[in-house]
Amino acid sequence: MLRESRAIGEEQGSESVLGYVAIFSGMIAMCRWDPKTAIARYEEALARHGATGDPVGLSLALVRLSLAYSFLGDSARAVAIGEEGLAVCERYGEGWHRAYTLMALGVDVWRQGDTRRAAAMEQESLRFNRSLDDPLGIGVNLEVLAWIAAAEGRYQRAARLLGIVAKVWKAVGAPLSGYGHLVHFHDECEAAVRRALGAQAFRAAVRQGADLASEAALAYALEERPPAGAARDAAGASPLTPRETEIAGLIAQGMSNKDIAAALVIAQRTVEGHIEHIMDKLGFHSRARIAAWVEDRSHASGEETPPG
């Protein structure tokens, strides 16, 4: 597909298309453990997106280039490129890509030993990804926070964060999707925490993290006071995001996961992940309970429940 896209870009003389082809080609190279080829592709992308002035393309290329240099162990260059990426994001008001740039920077700041600054970066990034309900960004942030906790000797916290992130990756369907070259940090963290706590205590702490409702889990990761309750009174404020509220309404209409995915033009696995989050937040274990909750809220607000 990328070869076809590159051919179209060359035929049309489109620097923008060729710039994005270069970014995605670099990502494939990283998945093949070929960082030198990836760096060449990301630098090509920087040149092309610099020529068109595309802030999104520039941000994406810089964050990926930073991670590639990090993978090679060139921490100083990785941080310098990450800071350049932050400057681009701030210049153009790119909030989402800024969150990912902070995530990438946090990895190398942690590797340099400044765990406090690294945690602050990951938590700032996590707050933004939480506001967008971005499970991939949230998952990577939680991973890095677990690695930081282990480096600080906070092994109980690290194990609980590993339990939380395992639940996120189950919902996403692909652990560290697009960031597979970071998986060795996960494995090293898990091994170190298991050694420190012992197998039984490690499993118990992981389970404690996995058992937390979504909002309480994120509050724990952010070291904030947890919410008063995962579920709210039917007439009170909803704990669901707008997308989760939309999906809950479609469940109340009797739609299947497949039908919801088609209606919202998203993957069925994404729908399943949202439904798992809805159940966690509301403390429910069935679609029927979600449908009843939607109906109760509709009655409480004086609205009609859409017909099934």
Side-chain angles (χ1 to χ4, degrees), residues 16 19-20 22-31 35 38-50 52-148 165 168 172 176-183 185-186 218 221-222:
S16 178
Y20 283 105
I23 289 174
F24 300 135
S25 297
M27 290 169 64
I28 289 175
M30 285 302 295
C31 288
I39 286 170
R41 297 289 76 77
Y42 295 147
E43 288 178 342
E44 176 193 346
L46 279 176
R48 293 188 185 279
H49 289 306
T52 61
D54 177 1
V56 172
L58 285 170
S59 300
L60 280 172
L62 286 166
V63 72
R64 292 291 178 171
L65 187 60
S66 174
L67 287 167
Y69 276 114
S70 173
F71 181 82
L72 287 177
D74 192 341
S75 191
R77 188 172 295 186
V79 169
I81 291 168
E83 289 174 345
E84 182 183 348
L86 279 183
V88 169
C89 292
E90 288 166 2
R91 186 160 65 246
Y92 290 98
E94 269 291 342
W96 189 27
H97 295 95
R98 182 178 183 276
Y100 274 78
T101 303
L102 281 169
M103 175 275 292
L105 262 176
V107 172
D108 258 272
V109 171
W110 156 64
R111 293 182 69 193
Q112 290 180 342
D114 191 347
T115 55
R116 181 174 296 183
R117 181 172 175 234
M121 287 178 163
E122 294 299 332
Q123 288 174 336
E124 182 180 349
S125 175
L126 176 57
R127 289 186 186 93
F128 195 90
N129 287 324
R130 177 178 63 175
S131 74
L132 295 183
D133 194 25
D134 174 6
L136 175 58
I138 288 169
V140 180
N141 292 141
L142 291 170
E143 280 280 2
V144 185
L145 286 169
W147 310 340
I148 292 168
V165 78
V168 173
V172 171
L176 282 165
S177 176
Y179 296 89
H181 59 285
L182 297 175
V183 72
F185 291 132
H186 172 96
L218 293 180
L222 291 166

Check your understanding: Hey, mind stepping through Ile148 and Glu122 against side chain to side chain contact (heavy atoms under 4.5 Å, CB included) and telling me if it holds?
Key -> CA-CA 10 Å; Ile148 292 168; Glu122 294 299 332; 4.2 Å; yes
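- For the salt bridge (Lys or Arg N to Asp or Glu O under 4.0 Å) test, residues two or more places apart in sequence or in another chain that qualify with Glu90 are Arg98.
- Closest heavy-atom contact between Leu58 and Gly50: CD2-N, 3.7 Å.
- Here Ser131 pairs with Phe128 under the side-chain contact (heavy atoms from CB on, under 4.5 Å) rule; sequence neighbours left out.
- Nearest heavy atom pair, residue Ala221 against residue Leu142, reads CB-CD2, 3.4 Å.
- With contacts defined as side-chain heavy-atom distances shorter than 4.5 Å, the pair Gln123/Leu145 qualifies.
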Show which side-chain atoms of residues 76-86 pair as donor or acceptor with protein atoms under 3.5 Å away, not counting sequence neighbours.
unit_1 : atom_1 : unit_2 : atom_2 : d
Arg77  : NH1    : Tyr69  : OH     : 3.1

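- Every residue two or more places apart in sequence or in another chain that forms a side-chain hydrogen bond (donor to acceptor under 3.5 Å, both in side chains) with His97 is listed here: Glu94.
- Contact detail for Thr52 and Ser16: the closest heavy-atom pair is CG2-N, 4.1 Å.
- Across all their heavy atoms, Val165 and Gly139 have their closest contact at CG2-O, 3.3 Å.
- Listed by chain and number, the residues in a side-chain contact (heavy atoms from CB on, under 4.5 Å) with Pro135 are Val172 (sequence neighbours excluded).
- Shown here are the side-chain hydrogen bond (donor to acceptor under 3.5 Å, both in side chains) partners of Arg127, two or more places apart in sequence or in another chain: Glu224.
- Taken from CG in Leu136 to CG in Asn129, the straight-line distance is 8.5 Å, to the nearest 0.5 Å.
- In this model, a donor atom of one side chain and an acceptor atom of the other lie less than 3.5 Å apart for Ser70 and Arg111.
- The line from CG of Asn141 to CD of Glu124 is 10.5 Å long, rounded to the nearest 0.5 Å.
- Ala22 pairs by the side-chain contact (heavy atoms from CB on, under 4.5 Å) definition with Glu44, Ala45, not counting sequence neighbours.
- Residue pairs meeting the salt bridge (charged side-chain N to carboxylate O under 4.0 Å, His left out) criterion with at least one partner in residues 54-69, sequence neighbours excluded, do not occur; the list is empty.
- Between Leu105 atom CG and Met121 atom CE the span is 4.5 Å, to the nearest 0.5 Å.
- Note: Ser25 OG to Tyr20 OH = 14.0 Å, rounded to the nearest 0.5 Å.
- Remark: Arg48 CZ to Glu43 CD distance equals 13.5 Å, nearest 0.5 Å.
- When the ring pair (Phe, Tyr, Trp, His ring centres under 6.0 Å) test is applied to Phe185, the partners found at least two apart in sequence or on another chain are Trp110, Trp147.
- Side-chain contact between Thr101 and Leu62 is absent, with no heavy atoms from C-beta onward closer than 4.5 Å.
- Residues meeting the side-chain hydrogen bond (donor to acceptor under 3.5 Å, both in side chains) test with Ser75, sequence neighbours left out: Asp108, Gln112.
- Taking each heavy atom of Ser125 and Ala99 in turn, the nearest pair found is OG-O, 2.6 Å.
- Residues Cys89 and Ser59 share a closest heavy-atom pair of SG-OG, 3.5 Å.
- Between Leu218 atom CG and Leu126 atom CG the span is 5.5 Å, to the nearest 0.5 Å.
- Legend: ring-ring contact (aromatic ring centres under 6.0 Å, His included) pairs involving residues 73-95, not counting sequence neighbours: none detected.
- Listed by chain and number, the residues in a side-chain hydrogen bond (donor to acceptor under 3.5 Å, both in side chains) with Asp134 are Trp96, Tyr100 (sequence neighbours excluded).
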